[in-house]
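Working notes for the structure below.
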Amino acid sequence: MIVETLWLNLPYLLEGAGVTVLLAVALLAIGIVVGLALALAQVYGRLGLPLLATLVERLFRGIPAIVLLFLFYYGISIFYDIGAFPAAALALGLRSAAYQSQIFRGAILSIPSGQMAAARAIGMSGAMAVASIILPQAFRQAIGPWGNEALSELKDTSLAYTIGVVELMRQASYLVSDNYGHTLAFYGAAAFVYLLLSLAATLALTQLDRRLAVPGFDTR
Amino acid sequence: QTYVAGIEPSFPPWASVKRGEYVGIAPDAVRAIAKQQGFDVKFKSMSFSSLIPALKAGKIDILVTGLTVTPERAKQIDFTVPWWETKLDVLVPADSDTNMITALCCGSNVGVQTGTTNYEWLKDNVVGQDVDLSIHTYDTDTTALQDLLIGRLDATFLDDDTARAFVGDNPERIRIAGQIAPHPAQVYALGIAKNDDDTLLKTLNMGVVELYESGDWAKIIHKYMPDAAVGKVPTEMPADVPSYETPIAGLGS
Amino acid sequence: MNAFFVFAWENLPALLDGLQYTVIIWIVAVAFGFVLGLLLAVGRVYGNTPLRWLAIGYIELIRGTPLLAQMFIVYFGLPEVGLVLSPLVAAMVAIGLNTAAYQAEYFRGGIRAIRSGQMAAARAIGMTRGQAIRSIILPQALRIALPQWSNEVILELKYTSVAFAISVPELMGQAKMIGANTFLYFQIFVVAALIYLVLVTLVTAVLDQVEKRYALRH
Amino acid sequence: MPNLPLMRVERLCKRYGDKTVLHDVSFTLGQGEVKGVIGPSGAGKSTLARCLNGLEAIDGGEIWLDDIRFGDRHTKLDALRARIGFVFQDFNLFTHLTVARNVTIGLTKVKKMARAEAEAIVRRELARVGLEDKLDAYPAELSGGQQQRASIARALAMEPELMIFDEPTSALDPESVGGVLRVMRELVREGMTMVVVSHEMAFIEAVADDVLFMVDGGIHEEGPAEQIFQHPQGERTREFIQGLSHAEPDNVRDAR
Amino acid sequence: MPNLPLMRVERLCKRYGDKTVLHDVSFTLGQGEVKGVIGPSGAGKSTLARCLNGLEAIDGGEIWLDDIRFGDRHTKLDALRARIGFVFQDFNLFTHLTVARNVTIGLTKVKKMARAEAEAIVRRELARVGLEDKLDAYPAELSGGQQQRASIARALAMEPELMIFDEPTSALDPESVGGVLRVMRELVREGMTMVVVSHEMAFIEAVADDVLFMVDGGIHEEGPAEQIFQHPQGERTREFIQGLSHAEPDNVRDAR
Ligand SMILES: Nc1ncnc2c1ncn2[C@@H]1O[C@H](COP(=O)(O)OP(=O)(O)OP(=O)(O)O)[C@@H](O)[C@H]1O
Ligand SMILES: Nc1ncnc2c1ncn2[C@@H]1O[C@H](COP(=O)(O)OP(=O)(O)OP(=O)(O)O)[C@@H](O)[C@H]1O
Ligand SMILES: [Mg+2]
Ligand SMILES: [Mg+2]
């Protein structure tokens with residue numbers, strides 16, 4: 001019976017999974033762009049910029065996601081009628097940006113300073129050197145920790161239900177509340193879907209790691 | 001006119017999701033009222049904690065679920081006239097000999113969903129009365145019940161309707177040990193934002209009463225709870241709820 | 001605004017009650033995850049093939065599934081095999097098992113960043129592999145992993161709120177209860193957020209000091 | 001040989017915090033001139049080399065390349081650096097790029113050259129340093145000497161008017177040194193203007209027109225290579241030149 | 001001088017994958033003997049040094065230290081290594097520990113010595129290499145030469161019966177080389193048994209009793225230092241010894 005219920009509700013679980021993936025991709029994309037900007041500001045910024053970036057990072061790492069979701073959904077609504085999905089992508093994306101900034105910062109700092117000097121010495125501007133010499137190397141260093149962050153976020157998309165984004169976990173909990181006594185079965189099914197998604201992500205990252213592998217560095 | 005109804009559909013038989021559709025007494029009733037009163041309704045699902053901010057931000061217009069009326073809550077939102085009165089059931093494992101009395105004393109572990117008025121009732125009427133009892137609070141009823149089955153709990157407290165639904169599904173594992181009729185009465189109603197313009201409150205109040213009078217209310221109730229006795233609507237109105245001051249919006253005296 | 005402060009003040013005791021659970025779960029889980037995470041990372045890098053795959057399997061399984069599901073398995077699943085844990089212990093175990101997988105990956109990153117000469121030099125003065133890993137590799141790997149590991153520590157502080165699902169009345173759970181009573185959800189969450197923020201700021205300050213104190217001089 | 005001065009340094013000063021690392025350094029560098037820079041460790045040779053390329057901001061004095069003054073507000077240091085090749089002691093090849101890409105990246109990014117055109121230059125420059133068969137190797141796959149020659153090719157590809165070498169052989173094993181010095185010697189023959197900081201005294205003596213002997217952040221003695229090595233004037237210069245051989249002649253075996 | 005053989009190597013072979021890096025290497029090392037190992041890059045000198053210390057598993061042949069054979073099932077390689085000091089080209093000091101802790105860690109962890117006792121030894125060994133004032137410095141705060149001397153002290157503190165040096169000076173700037181060679185020369189005087197892989201030919205010539213000239217993974221010529229340097233027998237040896245001076249005598253300035 002439970003199998004049948006699961007089968008009949010598979011489309012909804014998959015629909016939830018679709019929302020989960022979409023939200024994860026959106027928030028990670030925001031996280032990369034903003035996180036990178038924060039990291040660059042922290043490492044290379046002048047005047048108050050590093051301090052400002054650190055402040056933003058601390059704030060978004062410190063405030064619980066649920067409050068960020070409220071702020072971005074109901075707060076922005078005062079000026080602009082934002083949808084739940086974009087609000088969630090923005091709130092969780094900026095939160096992820098704070099975490100990602102630490103990952104990128106660590107990676108940038110691990111690149112020997114000679115690389116920057118050499119880039120400047122052939123006439124590159126600072127920005128050019130960062131873009132074509134420092135970051136490509138830093139990305140490789142960042143892949144491992146970034147994977148950790150991406151997988152956390154994949155599952156944290158479930159927080160978005162708070163403001164009404166119905167994703168995988170919520171579809172599962174609908175089933176749980178409507179079919180009392182099968183908590184483990186439905187959450188188990190959801191967990192299995194997450195596992196498949198995560199393994200796909202890990203595999204993709206491993207491929208990327210191989211692609212970016214450069215002789216002279218451990219690739220295992 | 002289209003109203004957006006905020007719903008947390010994990011509270012059968014009042015609100016749940018089946019195959020992607022919002023079902024349960026509350027959404028069915030609101031659809032019927034909408035038809036009668038000539039407005040459109042759109043449902044939007046979100047977590048319970050988000051319903052109130054959403055209402056205040058104008059993201060939704062009506063709270064549609066098994067929403068218990070309390071004077072405390074009435075400071076933040078307006079309630080329509082109550083349409084259901086519920087009792088508190090004490091659930092115990094089917095094979096246990098715990099009764100109403102032993103469930104509430106003697107080192108008993110009792111589970112209850114947080115944020116429910118059931119929890120409030122327990123706190124107000126049992127805790128601090130020098131009884132030997134520990135209360136465990138749960139995010140959802142289902143987790144509390146699961147713990148009852150595992151044996152971490154001796155009894156759980158929950159709304160009569162929900163309790164019946166659960167027992168109906170698992171008669172061999174859980175039984176109802178007894179019922180408590182709290183005072184003041186626990187009643188359900190729809191919620192809306194506090195607003196100077198009481199058009200919506202009037203419409204809904206009228207809708208609730210007309211739905212009851214047309215007999216459709218009883219049909220909806222019986223669809224989800226075949227054996228339930230349908231009481232008069234509006235039911236008893238708790239004191240200190242501003243929107244219940246006479247004249248009641250939409251209902252005259 | 002004034003009303004907000006009154007409200008915050010009135011409910012502060014309840015939140016602080018919850019905070020105790022949050023902090024205790026967090027400390028135990030992070031410590032437990034630290035030890036297990038180190039073992040997993042070492043197993044994954046230096047272990048023989050079965051051990052390596054065991055570590056990989058564990059890490060990917062845990063990272064691949066939601067904490068809530070893991071917590072339900074520990075809380076509701078283990079009793080099936082006769083192990084009934086109290087909510088608090090179950091929360092510590094579940095969160096500890098979970099964070100171990102993430103911490104392992106940070107530590108592994110740290111180990112990978114150490115030049116192979118360090119191991120060779122340790123072996124050359126007669127250390128066993130175990131001794132070399134313990135006294136030479138890990139102390140350096142931990143220092144390297146520290147900035148990114150701090151992400152995990154802070155994240156975990158907020159993940160303790162999942163324990164509310166199995167009836168641990170931690171900080172966020174208390175806030176939800178108060179919210180349900182008063183319907184002042186947003187306000188109470190903001191108060192909770194401020195408490196988290198203070199805690200995170202403290203933790204980050206400590207970790208910053210540790211990072212500075214133990215920074216590897218290259 | 002020196003004719004038009006290509007570079008002029010006047011009363012150059014450089015501080016790190018409180019510490020003055022260079023003070024009152026002045027000299028001129030003619031077109032086609034090879035200037036050797038020698039001196040004990042910590043004398044400021046590397047700092048000077050980095051200043052000449054605008055890699056370090058200066059705290060006093062002036063550096064001119066032709067008629068452009070470093071540090072002027074409208075001076076584009078990036079553009080200046082593109083006219084000066086710099087070879088680092090520890091090569092600093094871009095680890096994530098192949099040898100060929102290491103050489104082209106300055107051409108395509110800085111000089112905005114088309115990829116095809118750049119590749120022709122790469123082949124020419126890598127052939128010149130004897131690495132025509134290493135186009136697709138990564139830096140980590142090369143020996144130290146090969147890495148240094150690749151980094152020379154990277155600098156040469158930009159067609160610099162001046163090459164600065166900061167101890168280009170001191171991170172190399174003795175056998176790799178030969179190859180690098182051979183390439184440098186070739187450049188000298190072609191008439192490249194060069195500043196060479198090096199501990200390879202024999203080499204400096206052989207190729208440099210003029211030698212700066214630096215001590216404690218200042219120029220202690222400047223003169224033609226022959227004068228510095230054969231007839232040093234300064235006390236410190238003499239000591240330094242004489243103290244250079246490590247393999248002290250006493251045969252310790254006999255002492256056992 | 002060689003008397004009792006301390007170490008015996010017989011038909012040693014070592015492969016990396018398909019590639020044979022050492023083949024049929026045999027020699028003996030007497031108590032108190034200093035063995036120099038020279039040869040072109042890639043000859044297998046470092047690999048040999050690492051095999052002698054059990055850092056690499058060997059694929060054929062035998063290595064004996066006294067009457068203990070490497071690789072026997074009941075041979076504890078860890079214990080063997082504690083009897084052999086190894087000095088790496090790039091020092092490999094433990095980055096996270098002070099100089100003093102670098103030296104004590106082997107004593108406390110491997111020899112289970114009490115902290116206080118170990119510290120006395122540390123002072124003695126660091127004084128011997130002239131670093132008595134650097135006890136609390138971290139490796140990164142030392143110059144290359146100081147780092148190498150600290151790493152020698154680390155090895156010496158274990159009171160090894162044999163010291164192996166793998167190009168201990170080739171990562172150093174020329175001026176730091178002197179200090180390291182001085183310490184090594186002191187060890188020679190004290191009668192330490194040593195294997196020294198080095199490109200410092202003058203040094204090898206001065207201190208080694210016997211020299212192995214390696215080419216392509218084998219011993220091309222072995223003999224007393226004087227023979228190898230002054231009267232090399234093998235064709236390759238002669239070429240190698242003659243090709244050592246980089247500063248070719250032709251004065252390129254004249255060719256311009
Ligand atoms: N970034 C820096 N901050 C502070 N002091 C510095 C810095 N870089 C160099 N110095 C100091 O400046 C002085 C000159 O250093 P520099 O590297 O120019 O000497 P050098 O002549 O190149 O020595 P070597 O032969 O050892 O390379 C040294 O005392 C050094 O400690
Ligand atoms: N880990 C390895 N895997 C494969 N090949 C290796 C490895 N280590 C060394 N080799 C190869 O073994 C050969 C001998 O290397 P080794 O480092 O012993 O030479 P060497 O005589 O010490 O040279 P150098 O003077 O450059 O240090 C070289 O051809 C090298 O490429
Ligand atoms: Mg220098
Ligand atoms: Mg070698």
Side-chain angles (χ1 to χ4, degrees), chain C residues 34 37-38 41-42 45-49 52 103 106-150 206-218, chain E residues 46 49-50 52-57 76-99 101-112 137-142 147 150-166 171:
Chain C
F34 179 83
L38 274 183
V42 170
V45 178
Y46 295 108
N48 53 18
T49 310
R52 200 164 73 240
Q103 292 191 36
Y106 287 121
F107 297 149
R108 187 168 70 100
I111 293 173
R112 274 178 55 166
I114 298 172
R115 297 188 10 248
S116 57
Q118 296 286 313
M119 176 58 109
R123 302 305 299 279
I125 57 170
M127 286 192 182
T128 61
R129 241 159 87 91
Q131 278 176 329
I133 292 171
R134 246 177 296 132
S135 332
I136 305 301
I137 303 297
L138 290 185
Q140 296 184 49
L142 290 179
R143 287 162 158 92
I144 294 169
L146 192 63
Q148 292 160 342
W149 180 76
S150 77
V206 171
L207 288 176
D208 271 0
Q209 285 309 310
V210 175
E211 194 179 326
K212 285 213 185 80
R213 167 112 167 55
Y214 287 104
L216 281 183
R217 288 153 242 235
H218 281 295
Chain E
S46 297
R50 294 168 62 86
L52 295 186
N53 192 25
L55 281 172
E56 298 281 351
K76 288 225 163 44
L77 270 182
D78 296 328
L80 266 183
R81 279 195 211 102
R83 297 172 54 192
I84 304 174
F86 196 98
V87 177
F88 295 84
Q89 172 177 4
D90 44 359
F91 335 140
N92 286 332
L93 286 173
F94 304 130
T95 9
H96 63 307
L97 302 177
T98 60
V99 168
R101 286 286 294 138
N102 260 282
V103 180
T104 47
I105 196 161
L107 298 174
T108 54
K109 299 276 172 184
V110 177
K111 293 203 163 174
K112 313 285 179 201
Y138 281 87
E141 295 165 342
L142 303 183
Q147 285 190 54
S151 94
I152 294 175
R154 175 174 67 181
L156 288 178
M158 301 294 289
E159 305 195 327
E161 299 158 42
L162 158 64
M163 289 281 287
I164 300 175
F165 294 84
D166 185 14

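Quick note on labels: first sequence line is chain A, next is B, and so on, each numbered from 1.
The part of Arg143(C) that comes within reach of chain E is its side chain, from C-beta onward, which places non-hydrogen atoms under 4.5 angstrom from that chain. When heavy atoms are compared at a cutoff of 4.5 Å, Gln131(C) approaches chain E solely by way of its side chain, counted from C-beta outward. Heavy-atom distances place no part of Leu80(E) under 4.5 Å from chain C, backbone and side chain included. At a 4.5 Å heavy-atom cutoff, the contact between Phe94(E) and chain C is made by backbone and side-chain atoms alike.
The shortest distance between side-chain heavy atoms of Ile105(E) and Met127(C) falls below 4.5 Å. Within the 4.5 Å cutoff, the side chain of Thr95(E) has no heavy atoms near those of the Ile114(C) side chain.
We find the CG-OG1 distance between Leu77(E) and Thr128(C) to be 12.0 Å, quoted to the nearest 0.5 Å. Between Ile125(C) atom CD1 and Asn92(E) atom CG the span is 11.5 Å, to the nearest 0.5 Å.
Listed options Leu97(E), Leu93(E), Ile164(E) were ranked by heavy-atom pairs under 4.5 angstrom with chain C; first place goes to Leu93(E). Interface check for chain C: of the options Arg154(E), His96(E), Arg50(E), the most heavy-atom pairs under 4.5 Å are formed by His96(E).
Of all the heavy atoms in Phe86(E) and Ala124(C), the pair that sits closest is CB-CB, 3.8 Å.
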